[in-house]
Amino acid sequence: MQIQRLKAEREAILREVKLRLGLDLLNTAHDYLIGTYVDEVGLRIMNFCNITVIPDELSYTWVAMVASALSTEQMNVLNPPAESSEEGFELKIGDTSIKPTGSSSASPSSPTVEVIKGVLRDYEGELIAFRRLRW
């Protein structure tokens, strides 16, 4: 029962994140990447709040946190920039030529710790209301 709830929750969060980021719901090319962020942020929420199940009241916060982390780290992967029509442009002065190079900044294939920590700090106010003590 618990596993079915987690799978349904994960799918709902994934769908909401895609809607929030303006991605096509039918395109499943990046579902694994988005799902990784959903899982990672979900675990961080549970660890921060000392809970075993994320309450429904935190679902929009969860979506916002995942969207924030993805937009910080993976927007070039999710929405690749359009190719410039000036890509063939080359400037020649004497025997020296200059032409633009493609962007070589590759995004990591999984969430980085620093980005997730930053997002957790940003949403700490919403999470504190659901935090439990450890005994």
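All of these numbers come straight from a predicted model, not from anything done at the bench.
Distance check: Tyr123 OH to Thr61 OG1 gives 8.0 Å after rounding to the nearest 0.5 Å. Taking CD1 from Ile45 and CZ from Arg131, the interatomic distance works out to 13.0 Å, rounded to the nearest 0.5 Å. Interatomic distance, Leu127 CG to Asn47 CG, rounded to the nearest 0.5 Å: 11.5 Å. Distance CD1/Ile34 to CD1/Ile13: 12.5 Å, rounded to 0.5 Å. Here the CD1 atom belonging to Ile54 is positioned 5.0 Å from the CE atom belonging to Met46, to the nearest 0.5 angstrom. Distance check, rounded to the nearest 0.5 Å: OG of Ser68 to CD1 of Ile116 gives 9.0 Å.
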- Please step through salt bridge (charged side-chain N to carboxylate O under 4.0 Å, His left out) for the pair Glu16 and Arg20, ending with a clear verdict. CA-CA 6 Å; Glu16 288 297 319; Arg20 184 167 288 202; over 6 Å; no
- Task: Output, in order, the C-alpha distance, side-chain angles, deciding distance and verdict of side chain to side chain contact (heavy atoms under 4.5 Å, CB included) for Gln74 and Thr36.
- Result: CA-CA 12 Å; Gln74 301 288 346; Thr36 303; over 6 Å; no
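Of all non-hydrogen atoms in Asn27 and Asp31, the two that sit nearest each other are O-OD1, 3.9 Å. Nearest heavy atom pair, residue Phe48 against residue Glu124, reads CZ-CG, 3.5 Å. Counting all heavy atoms, side chain and backbone alike, Leu25 lies closest to Leu19 at CD1-CD2, 3.8 Å.
Checking side-chain atoms of Trp62 against main-chain N and O of Val41 turns up no donor-acceptor pair under 3.5 Å. Without hydrogens or angle criteria, Arg10 side chain to Gly35 main chain gives a donor-acceptor distance under 3.5 Å. Looking only at distances, no side-chain donor or acceptor of Arg132 sits under 3.5 Å from a matching main-chain atom of Cys49.
In the hydrophobic clustering of ILVMFWY residues, with side-chain heavy atoms under 4.5 Å counting as a link, Ile128 and Phe130 come out together. When the side chains of ILVMFWY residues are joined at heavy-atom separations under 4.5 Å, either directly or via intervening members, Leu58 and Leu43 end up in a single hydrophobic cluster.
Taking the side chain as every heavy atom from C-beta outward, Val66 and Val119 never approach each other to under 4.5 Å. Here the side chains of His30 and Lys18 are not in contact, with every heavy-atom distance at 4.5 Å or above. Between Asn50 and Leu133 the shortest side-chain heavy-atom distance does not fall below 4.5 Å. Considering only heavy atoms from C-beta on, Tyr37 stays 4.5 Å or farther from Met65 through its side chain.
The residues Glu11 and Arg15 are annotated as not salt-bridged, no charged nitrogen and carboxylate oxygen being separated by less than 4.0 angstrom.
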